[in-house]
Structure formats: C-alpha cells, structure tokens
Amino acid sequence: MQLKRTVNCGELTGNNVGEEVILNGWIAKNRDHGGVIFLDLRDRYGKTQVTFNPDVDGEMASRAKRLGMEDVIAVKGVVQTRPDGNINTGMPTGEIEVLVSELEILNEAEPLPFLISDRETGSEELRLEYRYLELRTKELQNFMQVRARTYQAVRTLLSDEGFMEFETPVLMKSTPEGARDYLVPSRIHVGKFYALPQSPQTYKQLLMISGYDKYFQIVKCFRDEDLRADRQPEFTQIDIEMSFVDQDDVLALATRLARGVFSEVLGVKLPAVFPILDYKEAMETYGSDKPDTRFEMPLVEFAAYAEKADFGVFKDVLASGGRVKGLILKNAADKISRKVSDGLTEWLKTYYGIKGLAFFKVDGNGLMGGISKFFEEELQQEIINDFTLETNDIMFFVSDSEAKTLQALGALRLELAKRESLIPENEFRPLFVVNFPLLDWDEDSGRYIAMHHPFTSPRPEDVELMTSDPAKVRARAYDLVINGYEVAGGSIRIHTREMQNRMFELIGMDEAEAEARFGFLLKAFRYGAPPHGGIAFGYDRLIMLLAGTDNIRDVIAFPKTTSAASLMDDAPSTVSEDQLKELHIKLIK
RNA sequence: GGGAUCGUAGUUCAGCUUUGGUUAGAACGCCGGCCUGUCAAGCCGGAGGUCGCGGGUUCGAGCCCCGUCGAUCCCGCCA
C-alpha cells in the first residue's frame, strides 16, 4: 500500500485544520450527490467524513463514485472545517472533514449479509456465521474493549498484590467428578485419552504445595454440558489460589479485585464490604443461591396461616413435610388478570414441576379473589396486619416440596420484577453467599456427591456431622454474586491426606479408585501441604456485567451456539479416515 | 434427555385457523440513471424467491398434518 495512515479515524478535530493527513479504514456509509461525494471512513477508533470534489480531481471522484460499504481504502487530504451549517454535532469528528487529494483502493467488499451500522439487521444465526463482520460493529467493539481492559486491570491488581501468573496444562488427566469432560485421544498411547480441564483445580493446589503461595491464571476451562444464555462449552476463569489463608482472607481479596476491576473499567465504586449471606438464608429469602438483590420482594413463610385456613391443598402438603411460602407484589394486583395468573401458573408448572400457583389480592375490605375464600375474616385481617398488605397488593403462594417451593418462588420473584420493571439498571449489588452444604444427595447413583468439588473442606465445627449426618455438613465454600449472576466461586481446600480420604469415602469413592484418579494429589499431600484456598471468577460473566449485556456470546470473540457448534468455521466437523486410524479410533454405526 | 418459540428475496419482516385458490408483498441492501454540502442524503427505474428439508392430506399447500434439520430461551445437567 502506498498511503499508510498518519492518524486514525477518531482523532481529528478543529485543532487539526490545515494539516495534511492520511487515513486508512472501511467505508461505513457513502453519500453520492452527483458532484461532491461524502464517505464516512471507519476504524476502531471512530469515524471521519472524507469528501471528494470533482473540481479537485475528476478522475478520482469518478473512482470514488464506485465505492460502496465496507470497501477498504486509504486517502490523503487536508483537514478542513465544514461549511457553515454543516457541522455534525452528533459525532466527535463532526466539526471537520478531510478533502481528499489522493485515493488508494485497498480492497473492495461484496454486498454484506447485514449492516455493520446496525447489528439488528441480521439474525443471530447469520451474525455468528459472519462473526468477523459482527465484530466490526460498534457494540461488539465496545464489548471487546471492556474485555481487553479487564485483562489488564486484573493482571495489574493481582501482580500488585504479589500474585504470580502461571500456565497449567490444557491436556490433563480426566477426572470422574463434576461435569462431563472433553476428551482428546492420545496417538502415542493407544486407547488412552487426555481431558481438557474443567478447571485447573488440582494443578493450583499442587502449586500451593510447591510454595507459590499466591497464584493466579486467566485460563480457558471446558465443560461438555448443555448450554444456556450465560454458559459456553469453553469459557474463561480468573483462577486464584492462596496459602496460609482462611475464608475471610479469600473473600477480602475477591472484594478488592472486584472493586478494583469495576473502578478501573467502569469507574463504578462498589461498596468497601460486600454483604455476606448464609446459603440457607439466601434460599429461604430469595429462592436462589445467586440472588439478585437489586430489588426486595422477599419470600415469606406462610405455614402458620395455612394451618389456620380451610384450604386442604396447603394442609396436605404441610402434613407430608412440604412447605408453603409466598411473596408479595406491591400495588400491581390490577395488572394480574386471570389470563396473566394462568400464564404464570402454566409456566411454573412446566418449568419447575410444581402443582399450582395460588394467590389472593387485597382491596379496601380485605382479601379477594384466588384462594381468599378459604380464609376467615379474622385470619384475613391478621394476614393483612402481619404482612402490612395494602390495597392493590397481590400475594402469590407455592406449596410443594421444599426444593420445588423455593426454586419456583425464586423464579417467580425474578419474573415479576422483570415484568414490573422493579430492577434498577446501571446498579451493581455484590454479595457473598457462604456456608454451602458440603454434599448433595444424588438420587440417580444413590450416594452423596460433592456440591462444590471433592477438595472442599468442611467447616471445622461440622466435622463431627460427617459421620452422624453428612447432609448437614456445611462447607467452607463461597460464591460471589452480583445482580443475580454467580460471578465467582471457591472454597478453602482440604490439605491433609486424612481429611481428603474421609471426603472420598463419603462420596463413595473407594481407596483404589481415589488412588487411581487422584493418587498424585494424595501423594503430594504427604510432603507438607500448607492450608490453602482460593476462588475463581467466571471471566465471561464478569464481562457481561461490565458490558451490560445478558448474552455471554456478546463478550466472546468467537462463541459457539446452544448446540456447542461454531457457525463460522463449522466446528465440530468430521475428520479423515487416516486421522482416525492413527488414533486407533473406529466410529460405530 | 425434555418443553417452548422461530425458519418466506442478500437481510429484517408481513402473508399462515377471517378463506387453502390466478402473478407471494414492504423496507433496508444491491444494480442502473439524475443530482455539488450530505451525514438514516434525496428522486426515478431495475434485478432478486426450491416459502429450511422430506413426506402426507387435497383437484390445488407458504398456509393443514407427520417427520426431520438448524437457531434461540428454559427444565434436567453444569463439582
């Protein structure tokens, strides 16, 4: 190319008038007036209007006439103020334009599948196929900038705290617990497989044993599970581990990191101390272990009133060990028509498997509609007083097993808040959820499984329960939740071989299996393992929050679809017979 | 593994249980023409369709039925 840029497309202002400059970029828009031609030239720094006048060079103007959107060009010209009344106050460079004296056409573009100026002109399917074009859009360029700035902020903050950055293997040993592994066949070791890491968990624990007491890594993790709007098969974590620390130390570090990133990237000041919520309390109050606390609407206990009412459904559930809980939507009863409540009921039944959704409304005289008729006058007044109900409030109830009741009401709480626009935007509400159960009973395999992972240590005061009542054991595990997203999660680890063996035993892994799977880690524990713990931030979710989007694909340069495919390069794909043969793999059927 | 929604010019959509019926429309983009101060430029004209794919019902299917593929959202799953 002849004309190499001397400035970018976002930096020229009135101060540059008279300067001769060269601009390189893509044509964002062409406006051909027959004589004078205007092109908006774009790069990732901004847009500048470049002007062709046939009086300057007729041949060049006719070449410019042919140019279309997204052609790549280089122009040389003089910066001039736009004529009176033609200043565009809507753009930073709107005061000036470049009157072109030389034009070099670097590459012409074919008609586009969608407009770079408006992402919405293409379906997501199409945009993913042409991801490199979507990445030219202003919106995605912003998202990628946020992502890039966050990498830098994290590295600076953690380095300043004395953390060392590591890389751990991507080809590792398959682990039996947790998510499904992505497997990589070994050519050299016939019939054997590597796994891609679900997280570098064991490596970072080994690094603690090696004495690197403050470790971090920005690392890709892989989980072969079904996807969601906030889940990708490969995703990035800020993985952190520390030695000689307790839970408070890790939470404090996570707080400093989160505050630093939000301040550095967004200029937002998060509170100096994040609220800490007990897991049990989170479930009872919000029906979720990752509550969105930007709005209230807590779940309330209703069993005592249900006992006194003449409503068989609630009583039967309570008698069989279930729960009755409710939530109050203030001043919106008039918006919940029969059609709306039926719709909510159907939705909860289908997705959360509950048997029904009950409600009543409040008017000047007492309760009305729904299940109000099952409550005596006196009981109605008691409910109105106890829950300080007012006219036009509506109270919803779910009565089912504990797990279903909490989950369904938690989902309803979010849905109602969305519908009623009760969630403030541009606000961030971080909190820690702590004291997760150590174990979870798995119906399918008829055994306990580790709720977090099998290296999570129990709270010291709960160790006795490991023998007497394992389900009650609380873990030294914690999550950082912001606006309803699980942004980070971690735990204080087990660091003695005895406790680790006990844990394996509890989750039904016998010594031989534990030895085969984690023998290397157990062996390492024998050579002086320090107490340690850590936390991992879901990097993509963090960026979603910082960038203000609710779609994880928006913050990943080349994301995959819900079926874990890449529409752009068509991965995964079939491979040749030769490749398979080398790996000693034969496809069945 | 399950449920829901969607699939019609290059693209976004309308048309689909109001009635299944001649030639499937609009906008943006694209191509051509006019136009020397626009910035969503304007005006005139034009090209562009296997209605995702397969089967069925029917004299006749974009429309009704069954299957299938893909995208999205959700439940299960995701330590």
Side-chain angles (χ1 to χ4, degrees), chain A residues 28-40 47-56 61 65-66 68-70 82-91 93-94 97 99 109-130 133 175-181 198-199 201 221-233 235 346-354 404 407-408 411 415 436-440 442-444 448-456 475 477 486 489-491 503 507 536 538 550-551 553 560-563 565 567:
Chain A
K29 195 77 194 172
N30 53 339
R31 292 180 294 278
D32 177 0
H33 284 246
V36 69
I37 298 165
F38 302 107
L39 301 180
D40 289 340
K47 280 188 216 168
T48 299
Q49 173 166 292
V50 301
T51 306
F52 294 83
N53 193 316
D55 302 339
V56 173
K65 216 176 172 55
R66 286 200 355 254
M69 288 202 286
E70 299 306 311
R82 298 189 190 181
D84 283 347
N86 286 306
I87 307 282
N88 185 342
T89 50
M91 59 195 287
T93 62
E97 64 187 355
L99 182 63
E110 288 186 12
L112 300 158
F114 54 89
L115 295 180
I116 305 303
S117 56
D118 182 8
R119 231 176 138 210
E120 298 306 314
T121 56
S123 66
E124 183 163 15
E125 196 169 349
L126 192 79
R127 298 194 313 258
L128 285 174
E129 185 184 341
Y130 295 93
L133 293 182
T175 53
E177 291 286 313
R180 201 175 288 116
D181 280 326
Q198 297 174 25
S199 88
Q201 184 62 37
C221 301
F222 306 85
R223 292 177 192 175
D224 187 4
E225 295 293 346
D226 289 342
L227 308 177
R228 287 288 189 283
D230 64 348
R231 260 196 249 158
Q232 282 274 298
F235 59 97
E346 261 325 293
W347 166 66
L348 289 172
K349 277 170 141 174
T350 327
Y351 288 147
Y352 299 96
I354 57 164
K404 281 184 183 175
Q407 196 195 9
E415 178 63 24
F436 281 81
L438 183 69
L439 301 163
D440 216 3
D442 181 44
E443 288 293 344
D444 296 337
Y448 285 107
I449 55 173
M451 187 152 173
H452 187 56
H453 58 56
F455 314 109
T456 301
E486 183 195 325
S491 63
M503 182 67 187
I507 61 175
D550 54 9
N551 183 338
R553 294 180 295 276
K560 294 191 171 53
T561 66
T562 315
S563 65
L567 297 180

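As the structure is a computational prediction, the values presented were derived from the model and not from experiment. Convention: sequence-line order gives letters A, B, ...; per-chain numbering from 1. Computed from heavy atoms alone, side chains included, the values below leave out hydrogens, waters and symmetry copies.
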[X] versus [Y]: any side-chain heavy-atom pair under 4.5 Å?
X	Y	result
M69(A)	I116(A)	no
I37(A)	N30(A)	no
E97(A)	P83(A)	yes

It should be established whether [X] places a side-chain nitrogen or oxygen under 4.0 Å from OP1 or OP2 of nucleotide [N].
X	N	value
N53(A)	U36(B)	no
R31(A)	A41(B)	yes
Q407(A)	G76(B)	yes
R231(A)	G76(B)	no
T562(A)	A71(B)	no
T561(A)	G70(B)	no
Y351(A)	C74(B)	no

- [ ] Record whether the side chain of E125(A) comes under 3.5 Å of the base of U72(B) through a donor-acceptor pair of N or O atoms.
- [x]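 No.
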Task: Side-chain donor/acceptor of R82(A) to base of C39(B), under 3.5 Å - done: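 Checked by distance alone, the answer is yes.
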Do side-chain atoms of [X] reach the backbone of [Y] as a donor and acceptor pair under 3.5 angstrom?
X	Y	value
Q232(A)	L227(A)	no
R223(A)	Q198(A)	yes
R180(A)	D224(A)	yes

Task: Pairing of R553(A) and E124(A) as salt bridge, 4.0 angstrom limit - done: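 Looking at E124(A) together with R553(A), the answer is yes, because their closest N to O distance falls below 4.0 Å.
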Open item on the list: Between the side chains of D40(A) and R31(A), is the shortest nitrogen-to-carboxylate-oxygen separation below 4.0 Å, so that they form an ion pair?
Closed with: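 Counted as a salt bridge, because a side-chain N and a carboxylate O are separated by less than 4.0 Å.
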Rounded off to whole Å, could you give me the [atom1]-to-[atom2] distance for the [X] and [N] pair?
X	N	atom1	atom2	result
D226(A)	A71(B)	CG	C1'	15 Å
M91(A)	U38(B)	CE	C1'	12 Å
L112(A)	C30(B)	CG	P	8 Å

If you only use heavy atoms from C-beta on, which nucleotide in [options] is closest to the side chain of [X]?
X	options	value
K65(A)	C35(B), G37(B), A71(B)	C35(B)
D40(A)	A71(B), C39(B), C30(B)	C39(B)
R228(A)	C39(B), U36(B), C74(B)	C74(B)
T51(A)	C35(B), G37(B), C39(B)	G37(B)
A565(A)	C78(B), A71(B), G37(B)	A71(B)
Q49(A)	C28(B), C39(B), C35(B)	C39(B)
R553(A)	C73(B), C28(B), C77(B)	C73(B)
E225(A)	C78(B), U36(B), G76(B)	C78(B)
K29(A)	A41(B), C75(B), G37(B)	A41(B)

Just the table, please: protein N/O against nucleotides 44-48 of chain B N/O, every pair under 3.5 Å.
none

- [ ] Quick one: label D224(A) by what it contacts on the DNA or RNA (base, sugar-phosphate, nothing), any heavy atom closer than 4.0 Å.
- [x]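 No contact.
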TODO: Name the nucleic acid region contacted by I37(A), choosing base, sugar-phosphate or nothing; use a 4.0 angstrom heavy-atom cut-off, strictly under.
DONE: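 It contacts nothing in the nucleic acid.
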Task: Stacking of F38(A) on U38(B) base (centres under 5.5 Å, planes under 30°) - done: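 A stacking contact exists, since F38(A) sits close and nearly parallel to the base ring of U38(B).
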Task: Stacking check H33(A) vs A41(B) (5.5 Å / 30 deg) - done: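 Check passed, H33(A) stacks on base of A41(B).
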Open item on the list: Ignoring hydrogens, what is the shortest heavy-atom contact between L39(A) and F52(A)? Give both atom names and the distance.
Closed with: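 Result for this residue pair: CD1-CE1, 3.4 Å.
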Task: 5' precedence on RNA chain B between D32(A) and M69(A) (nearest-nucleotide basis) - done: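 Nearest nucleotide further toward 5': that of M69(A).
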TODO: Considering only atom C1', compute the distance from C28(B) to G67(B) and round it to an integer number of Å.
DONE: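 Their C1' atoms lie roughly 36 Å apart.
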Task: Contacts of type side chain to side chain donor-acceptor pair (under 3.5 Å), residue R127(A), not counting sequence neighbours - done: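 For R127(A), the residues satisfying side chain to side chain donor-acceptor pair (under 3.5 Å) (neighbours in sequence not counted) are E134(A).
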Please write out each protein N/O paired with an N/O of nucleotides 12-15 of chain B under 3.5 Å, distance rounded to 0.1 Å.
residue	atom	partner	partner atom	Å
U12(B)	OP1	S123(A)	N	3.0
U12(B)	OP1	S123(A)	OG	3.0

Open item on the list: Can you tell me how the ring of H453(A) sits relative to the ring of F455(A), calling it parallel under 30°, perpendicular over 60° and tilted otherwise?
Closed with: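 Correct class here is tilted.
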